[in-house]
Structure formats: C-alpha cells, structure tokens
Amino acid sequence: MLQTDYLRKHRETVAQRLLVKGFHRVELVDQLLEADQQRRHIQSTLDETLSQSKALAKTIGKLMGQGKQEEAQAVKSQTAQLKIKAKTLQEQLNNATAKQHQLLLEIPNLPHPDVPKGKGEEGNVVVKASPPALEEKDQRLLPHWDLAKKYNLIDFDLGVKVTGAGFPVYLNDGARMQRAFVSFFLDQARKQGYQEVQPPLLVNENAGFGTGQLPDKDGQMYHVTQDNLYLIPTAEVPLTNLYGNRILNTREMPVKIAGYTPCFRREAGSYGKDVRGLNRLHQFDKVEIVQIVHPGESYKVLEAMTSYVVSLVEKLELPYRVLKLCGGDTSFAAAMTYDVEVYAKAQKKWLEVSSISNFETFQATRMKLRCKDNHGKKILPHTLNGSALAFPRVMAALLENNQREDKIKVPRVLVEYMGKEFIQ
RNA sequence: GGAGACGUGGCAGAGUGGUCGAUUGCGGCGGUCUUGAAAACCGUUGAGGUUAGUAGCCUCCGGGGGUUCGAAUCCCUCCGUCUCCGCCA
C-alpha cells in the first residue's frame, strides 16, 4: 500500500513508474486523491462540530453538578442539531475513508527506478550466472519424473488418488531428501543469523491483506470458507505478519527470521504449462527467509539475501543464473525482485528456485508496522523476503543433473543429511 | 461442544455515567548525587487524524454497533483470553 501523502506530492512520477509495471489505470490515483481531499475536508468539519458538542456537554455536566437543572435543560436543547450534523458527517467520513482505502489496496507498489522496463520473461535481465557447464555428450538423460519412477522416489499417481494432480507423494529416498532439505536449509539460515520460526499454515484474512496477497491474488489461495482462513501460499504471509501492528525498537532491528513450511497454491489458469513432474505443484515445501530493516539498508540487504541464496545453489553444485525481473514480471507488492534459477539438464530448462524481493514500505504500511530511526522518530521499515529454497525444483534439477547409469549422486553437502552418497 | 469469568497505555493494575487519554507501580528516557556504578531523589514517557507545526482541534480503554446532552463505565454483537465439564493428538 502506498502512502497517500506521497501520491499527492508526486502524482506524475507515480503514474510513470506504475507504467513500468504495466499498470495503466492511473485514474485510480486521481480518484484516490479526490477521495482523500474529500475525506480531509469532512474530517475538519466533523472535528469542529464535535468540539462544539463536547463543550456543551461539559457545560451541562457543570450545571448539573451545581444543581442548576433548568439551565442545564436549556443547554441540552442546543445539542440536538449538532448531534444530527455530527452523525451525518461521521457517515460521510466513513464512506470517504473506506473508498480511499479500497482504492489504495488496488494500486500496486512502485517499481524501483533501476527495474528494467518489460512485459514478461523476455524483459528480465541476467545479472549473474555460474560458469556454463560442459555439454554432455550422452543425450540419454532422463527427466526427473522418469528418474523418480525408476528409483521409486515419488509417486504422482498416488497423489492423484488421495488428492488430485499437483500433490505428489514422496517415497523412500525421495521423502528422505525432502527431510534433508528442511534440515540443510534451516541449518544454513541459522548460520547466517536467521532466527528459526515455525509459523501456522493457515492465516486469516487480515494477514492476507498485510503482505498483499489479498485482494490481488484472492483466487490463487485455498480458502477454508467455514472458518474464513487461507492456506498459506508461502511462509512469507505468516512470518512477515508476525510483526504487524507493532513499533519495533532499535534493539529489535534488523529482524531476520527463517521458517520451513509447506505452501499451497491453486495455480488457477496455469494448467498445461510446464506442469510436468515437480515443475509446478499445488503443494510444495520451502524454507523462506524474511528481513525487516531500516529503509536506508534495504537494497544492500536485498543484494546480501540474493548472494546468500546463490551460495546455497553453489553448495548444491547446481548451474544457476540470477535474473533481475523487469517491471512486468515484478509482483504487485514488490519494488524489486531477483529470481534465482537452476538448470535442469534433461529437460533443458531453467527452473526458478527462489524469488527475492524488496517490498520497501508497501507491506509495512498495510500491516501498520513501524520502527524508530536514530532520532527516535517513528518511520516505516522495509520488508524483504526470499525462498531459500523451494524444494521441488531443486530436487528436479539434482535428480536430472546428478544421474549416472544406475544411480544418482547425492551432492556432498547433503550426504550427512541423507546418510548416503548415492541413490540407487 | 456446554457453563462461567474477563479483555484498560511496553508490562502490572485502579477506575462502574460527567471536567478521564485515564490514579498508581514497574520498565524506558533525561537530570541531581557519585571517581564510576547502584540506591535515593526530581522530571519526563501511548497511538492515529488534521496542520508548515513537539500550536490548537478531533479520535482511540479488544473490534463493530446502540442508549445518552455526555460512556473506559450501561445495552447488543463479534473476536480473543482464562477456569470448570465433555471430547481428543
């Protein structure tokens, strides 16, 4: 959520930067400013009315205290009109405020000035990549779904039986590898100073609004209507909202937390595209890292978080590249995002295993999260998060890239967690 | 699920219709004293809106609504917490 004050002062810049994101409904900004102006006008009229009414009430109180009943009664008769006026104004104020708030929720975050223009994938910029791997001469590489079957690691059909497509069942070393990921990624995060947190997997509506999934991505989350709760699409939602409605003091900053959770996504509208095997699922596991920092540090932190994610794929010995997302691909709530992709040799595809974003004050505003600056003044901190990492695509790439004739090599860093060097 | 109690400022805890945004204690911050610290003493210390404003005005005692000239205080409703019973990993 942007701040109205900023919109008022920088309307033109705002309109231009929204265009970078492909957001053309600039009229929303104008409507918002109009609603805001109305609101402020009503507010001051109401304040004045209440002030008069309050003064009269005090007078009555005094007169009653002195036992001057008749005089009190006389003053009472003056209050009726003010009362009606105040009620009308209050209603108007509520309407204007609600309208302003609703418009505010529909306007996406502004992209950082360094975010490249572009509509989709083709506009993203590769900013870093591992040295290109030598082309394998052996072209008989199996895609991970075949390997999963060959070594009995994942059963997709069983998942269909009990739930539906996109809910795989991990078996044997497949299940064990999932567990290895949980431990490995959380151990790594802890070494980086992240506090380990295990959050709820269902969140309320308010949390959904706080991080920006609602109302924008309503249809992408599983909604438990009976209790009006949502299954989390990412740990970002419960983790970041942990700090909602707070004023963090200097000692609590920066906040660095990490959590492992399953994630649930309806993926409505994405059927048929890259959905084979583990590439796109309705339920998957992920370790998420979140930071809440002072505004001046957030872009430095975004780089640091990205480097950390890169260090993970390097430790897993996976070929990777880092993309700076263009405006069109940057999400509703984000100001800047890096994607980290790994290369899956058999599919010959880049798979996104992490997305690291700086939301600046967008989420903080929505969540009413604040901190203090050096002078003790209340300011809005910046929030950031990133996957570190999403399991299924890491597993897909590991299986495909590390396959041998009759086994799959476990990367060195995972051997202690897997308890073996090869999957056979 | 049934019955009851309760929800006040960072925390604890007063306040049951009138000048209460709220007594007090702890904590925090500033100061006096001290070589330094502690103790003691003095002062200060919630949030939001409007505004050029640390001026004024308005709002906020779990959320929402109502009664009243006036509500933290009364009524309704929702949410949450606690206790007892039932059920249960």
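Lettering of chains follows the sequences in order, A, B, ..., and the numbering in each one begins at 1.
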*Which pair of heavy atoms, one from A/L153 and one from A/L399, lies closest together, and at what distance?*
CD1-CD2, 3.8 Å

*Check the distance between B/rG28's P and A/I247's CD1 and give it to me in whole angstrom.*
18 Å

*How many Å lie between CG on A/D47 and P on B/rU50, as a whole number?*
10 Å

*Near RNA chain B, under 4.0 Å by heavy atom, which residues of residues 34-46 of chain A?*
A/R39, A/R40, A/Q43

*Length of the NZ-P vector between A/K378 and B/rG10, whole Å*: 11 Å

*Considering only the P atoms, how many Å lie between B/rC69 and B/rC20, rounded to the nearest integer?*
22 Å

*Considering only atom P, compute the distance from B/rG62 to B/rG13 and round it to an integer number of Å.*
15 Å

*What do you reckon, is NZ of A/K149 surrounded by more than 12 foreign heavy atoms closer than 6.0 Å?*
no

_C1'-based separation of B/rG63 from B/rC79 [nearest Å]_ = 7 Å

*Going by distance alone, is a donor N or O of one side chain under 3.5 Å from an acceptor N or O of the other, for A/E360 and A/Y299?*
yes

*For residues A/N358 and A/H112, determine if any side-chain heavy atom of one lies less than 4.5 Å from a side-chain heavy atom of the other.*
no

*asked:* In whole Å, measure the gap between the C1' atoms of B/rC74 and B/rG56 for me.
replied: 33 Å

_Regarding B/rG10, can its base be found pairing with the side chain of A/N249 as donor and acceptor, where the two atoms are less than 3.5 Å apart?_
no

_Nucleotide B/rC78, atom C1' - distance to CG of A/N206 in whole Å_ = 15 Å

*Is the closest side-chain donor-acceptor distance between A/E48 and A/Q43 under 3.5 Å?*
no

Check the interface with nucleotides 18-20 of chain B: list each N/O to N/O pair with the protein under 3.5 Å, or write none.
residue, atom, partner, partner atom, Å
B/rG18, N2, A/A57, O, 2.9

*Can you run through RNA chain B from 5' to 3' and write each base as (, ), [, ], | or . depending on how it pairs? Watson-Crick or G-U wobble, both distances under 3.5 Å.*
((((((((.[[[..)..(.....]]]((((((.......))))))(((((.....))))).[[[[[..)....]]]]])))))))....

_Which residues in residues 76-95 of chain A have a heavy atom closer than 4.0 Å to any atom of RNA chain B?_
A/K76, A/T79, A/K83

_Is it true that A/Q90 and A/N94 share a donor-acceptor pair across their side chains at a distance under 3.5 Å?_
yes

*Under 4.0 angstrom between A/K54 side-chain N/O and B/rU59 OP1 or OP2*: yes

*Rounding to a whole Å, what distance do you find between A/N245:CG and B/rG10:C1'?*
14 Å

*Would you please classify the geometry between the A/Y308 ring and the A/Y194 ring as parallel, tilted or perpendicular, with 30° and 60° separating the classes?*
tilted

*Mind running salt bridge (charged side-chain N to carboxylate O under 4.0 Å, His left out) on A/R280 and A/E267 for me, showing each step along the way?*
CA-CA 8 Å; A/R280 176 173 250 108; A/E267 299 292 355; 3.3 Å; yes

*asked:* Can you check the distance between B/rA5 and B/rC57, where both ends of the measurement are the P atom (answer in whole Å)?
replied: 41 Å

_Taking the P atom in each of B/rG25 and B/rA40, what is the distance between them to the nearest angstrom?_
13 Å

*Given the C1' atoms of B/rC75 and B/rG17, what is the spacing between them in whole Å?*
13 Å

*Take the protein atom CG of A/D227 and the nucleotide atom P of B/rC79, then report the distance between them rounded to whole Å.*
11 Å

*Under the side chain to side chain contact (heavy atoms under 4.5 Å, CB included) test, which residues partner A/K407, sequence neighbours left out?*
A/R404, A/F422, A/Q424

*Report yes or no: do A/H223 and A/N228 form a side-chain donor-acceptor pair below 3.5 Å?*
yes

_Please determine whether side chain to side chain donor-acceptor pair (under 3.5 Å) holds for the pair A/E400 and A/Q347, giving the CA-CA distance in whole Å, both sets of side-chain angles, and the decisive distance to 0.1 Å._
CA-CA 8 Å; A/E400 294 187 17; A/Q347 296 185 68; 3.0 Å; yes

*Between B/rC78 atom P and A/N228 atom CG, what is the distance in whole Å?*
16 Å

*Scan residues 170-188 of chain A for pairs that pass side chain to side chain donor-acceptor pair (under 3.5 Å), counting only residues two or more places apart or in two chains.*
A/D173-A/K420, A/D187-A/R190, A/D187-A/Y417, A/Q188-A/K315

*RNA chain B: A/L50 or A/K372, which has the more 5' nearest nucleotide?*
A/K372

_Suppose you measure atom C1' in B/rA55 against the same atom in B/rG49; what distance do you get, rounded to whole Å?_
16 Å

*Could you check how far CD of A/E252 sits from C1' of B/rG28, rounded to whole Å?*
13 Å

*Can you tell me if A/T211 and A/Q363 form a side-chain donor-acceptor pair at under 3.5 Å?*
no

*Decide whether a cation-pi geometry holds between A/K324 and A/Y338; the criteria are a distance under 6.0 Å from NZ or CZ to the six-membered ring centre and an angle within 45° of the ring axis.*
no

*In terms of ring plane angle, is the pair A/Y222 and A/H282 parallel, tilted or perpendicular, where the classes change at 30° and 60°?*
perpendicular

*Would you classify A/R246 as touching base, sugar-phosphate or nothing, given that sugar-phosphate means primed atoms plus P, OP1 and OP2, and contacts are heavy atoms under 4.0 Å?*
nothing

*Between B/rG48, B/rU59, B/rC57, spot the one nearest the side chain of A/S51, thanks.*
B/rC57

